[in-house]
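Read the numbers this way: they start at 1 and go in the same order the structure lists the ligands and their atoms. For the single chain, residues carry numbers from 1 onward in sequence order. When reading the values below, keep in mind they use all heavy atoms of this one structure, side chains included, and skip hydrogens, waters and symmetry mates.
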Amino acid sequence: MIPNIALVGFMGCGKTSVGRCLAARTGYDFVDTDDLVAEKAGKPVAEIFAAEGEGAFRVMEREVLQGLVGRKRMILSTGGGLILEPVNREALRRMGIVAWLDADPDLLFERASRSGRRPLLQTDTPKESFHQLLESRIAIYSDTSDFRVDSTALDHTQTAEAILESLGRHPRRFAFDETPA
Ligand code: S3P
């Protein structure tokens, strides 16, 4: 059985939308680490970064993830930088299957900058910041995940289907856990 499916990947890869599709398809709960951090802090992620800095956000992000260890039947959408901490990578790997959602960098940038709310892109040169961060993380997404799905030419539903297909082929898959939580 697959206890949980975690989605990792860079800002703009569609973890939240694809995660919701996957949750609808599997009957698993949709859980988003950014939402839980915002709830814990009582303010949106952008405000946490502005008021307390990235370090404080990372501490809360780690705590939120640790609080999910042991939970089952989740589709877990993770913030793009959650995989930076080794302890988080270990937790994700223990929780279940980890899927890396990827897409063409220009498309990721276009999507990530659309909302204008991503704190790590609030720099004088957002495109350069974006590419530097992406470069520094690609190997980590790759090492942390069981497989990669390229969503460049896919919509959210098709991406969710592609993940389910990859799971069907994946050796760690046994069957979905259909028993109620
Ligand atoms: C971050 C990505 C964001 C959010 C925070 C930091 C990152 O989540 O966790 O702004 O370090 O890449 P999304 O990947 O959902 O945008």
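Residue pairs meeting the side chain to side chain donor-acceptor pair (under 3.5 Å) criterion with at least one partner in residues 9-23, sequence neighbours excluded, are T16-D32. Note on residues 153-168: pairs passing side chain to side chain donor-acceptor pair (under 3.5 Å), not counting sequence neighbours, are R25-E161.
The nearest heavy-atom contact from the protein to atom 2 (C) of ligand 1 is G80 N, 3.4 Å. At the top of the distance list for atom 12 (O) of ligand 1, counting protein heavy atoms only, stands R137 NH1, 2.7 Å.
Ligand 1 has a nitrogen or oxygen under 3.5 angstrom from a nitrogen or oxygen of D34. The shortest N or O to N or O distance between P119 and ligand 1 is not under 3.5 Å.
The closest non-hydrogen atom to atom 11 (O) of ligand 1, taken over E54, K15, R58, comes from R58.
Applying the 4.0 Å criterion to heavy atoms of M11 picks out, from ligand 1, the atoms 2 (C), 12 (O), 14 (O), 16 (O). Short contacts between ligand 1 and G79, defined as distances under 4.0 Å to a heavy atom of the residue, involve ligand atoms 8 (O), 9 (O), 14 (O). Close approach of ligand 1 to R118 is summarised as follows: ligand atoms under 4.0 Å from at least one heavy atom of the residue are 16 (O).
Neither side chain, T78 nor T33, offers a donor N or O lying under 3.5 Å from an acceptor on the other.
With a heavy-atom cut-off of 4.0 Å, L120 touches ligand 1 through its side chain alone.
Ion pairing of E47 with R117 is absent here, as no side-chain N (NZ or NE/NH1/NH2) approaches a carboxylate O to less than 4.0 Å. Here R89 does not pair with D143 in a salt bridge; the nearest charged N to carboxylate O distance is not below 4.0 Å.
R62 places no side-chain N or O within donor-acceptor distance of the main-chain N or O of E85, the cut-off being under 3.5 Å.
Using a 30° and 60° split on the angle between ring planes, Y141 and F10 fall in the perpendicular class, above 60°.
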